[in-house]
There are 2 protein chains.
Amino acid sequence: MSHLSQSIPKDKVRAASEGLRAIAHELRLSVLCHLLAEPMCVAELMEATGSSQSNLSQHLSKMRLMGILQNEKRGQQVYYHIANPAFAELVEALKKIYCPEMCFVDTEKKTREG
Amino acid sequence: MSHLSQSIPKDKVRAASEGLRAIAHELRLSVLCHLLAEPMCVAELMEATGSSQSNLSQHLSKMRLMGILQNEKRGQQVYYHIANPAFAELVEALKKIYCPEMCFVDTEKKTREG
DNA sequence: TCATAATATTAGCAATAACTAATAATAGAA
DNA sequence: TTCTATTATTAGTTATTGCTAATATTATGA
């Protein structure tokens, strides 16, 4: 079928590899999955992921520095959201592979499972 | 747009994370990109990636054990190919993000760049 | 201002992962 | 069988990454 596709140039492979490593970590991926739905503050993400404050904060910081996330202060809370739509797409693509049954909920007739 | 998408269950996140880590490594990703085009033997992959025999072999072995690759002996050579189409899809998705200009070569008019 | 809640940062340790060098295994050729 | 080419495996070292505990910062409220 697509056996003509070319291999990616070295610098692009490196960039892709960095991007993948950034989201491959279990906690970071979990955060991204949650943020796919809506922006959340750190406390909410702690609750949702079960991770410690410090650890989570470090991973959020890492993703922010990489341009994957952006944050916005509201009072004492800091809300995070996915800044780069490419990563949202990647995570959606992942879901299609690892959770195919979840991927039709919002696009197809959602009456099927109530 | 798809703000209704649910977050992936914990065990699926773990599986996705493992899958991502498997392909996130620069050398492994490079190998996958090459194998996207056609099966290749170890010597060819050494040439294509510039990696050492031992190192490459270890990464090939890892991907084989994870079910990403399969190999086939032809004489003294061992040819590798992508065994799991999901990973081929993932790498193609990556290419769409990191190398959008390469992604139309085989599907659209390829006369554009000769 | 002082106290508290939410988040960020730092340092140090623990766990993983990757690489190199050496050696082993296997297939084919002489 | 012996030699060579190809690939695999192992052991040991180095590098990277992640985690915890402690501390700092920032905003809010009393």
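In the text below, chain A, chain B and the rest are named by the order of the sequence lines, each starting its count at 1. Here the structure is a predicted model, which is why all the values come from computation and not from measurement.
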Between B:Ser17 (side chain only) and A:His25 (backbone N and O only), is there a donor and an acceptor less than 3.5 Å apart? no
Can you give me the first and the last nucleotide of DNA chain D (5' to 3') that has an atom within less than 4.0 angstrom of a non-hydrogen atom in chain B? D:dA5 to D:dT10
For DNA chain C, find the residues of residues 58-70 of chain A with a heavy-atom distance under 4.0 Å and give them by number; none if there aren't any. A:Gln58, A:Ser61
Residue-phosphate contact under 4.0 Å: B:His25 side-chain N/O, C:dA18 OP1/OP2: yes
Rounded to whole Å, please give me the gap between CG in A:Leu45 and P in C:dA6. 14 Å
Pick out the pairs of N or O atoms, protein on one side and nucleotides 25-30 of chain C on the other, that lie under 3.5 Å.
{"unit_1": "C:dA27", "atom_1": "N3", "unit_2": "B:Gln76", "atom_2": "OE1", "d": "3.4"}

Pairwise side-chain contact, A:Tyr80 with A:Arg64, heavy-atom cut-off 4.5 Å (strictly under): yes
Which whole-number value in Å describes the distance from B:Arg28 CZ to C:dA18 C1'? 9 Å
Starting from P on C:dA15, measure out to CD on A:Glu26 and report it in whole angstrom. 17 Å
Within this structure, what is the OH-CG distance for the pair A:Tyr98 and B:Asp11, rounded to the nearest 0.5 Å? 12.5 Å
Taking NZ, NE, NH1 and NH2 as the nitrogens, is one of them in B:Glu101 or B:Lys96 under 4.0 Å from a carboxylate oxygen of the other? no
Looking only at atom types and distance, does a side-chain atom of B:Glu44 sit under 3.5 Å from a main-chain N or O of B:Cys41, one as donor and one as acceptor? yes
Side chains of A:Ser30 and A:Glu26: do they bring a donor and an acceptor to under 3.5 Å? no
Under a 3.5 Å distance rule, please check whether B:Arg28 uses its side chain to pair with a backbone N or O of B:Ala22 as donor and acceptor. yes
Is a side-chain N or O of B:Thr49 found less than 3.5 angstrom from the main chain of B:Leu45, in a donor-acceptor match? yes
Should B:Leu35 and B:Met66 be counted in the same cluster of Ile, Leu, Val, Met, Phe, Trp and Tyr side chains packed under 4.5 Å apart? yes
Considering only heavy atoms from C-beta outward, does the side chain of A:Lys95 approach that of A:Leu36 to under 4.5 Å? yes
Measure the distance from CG on A:Asn55 to C1' on C:dT10 and round it to the nearest whole Å. 14 Å
Measure from CZ on B:Arg21 to P on C:dA17 and round the result to the nearest Å. 6 Å
Short question: side chain of A:Ser51, backbone of A:Met46 - any donor-acceptor pair under 3.5 Å? no
Scan A:Tyr79 against the nucleic acid and name what it touches under 4.0 Å (heavy atoms): base, sugar-phosphate only, or nothing. nothing
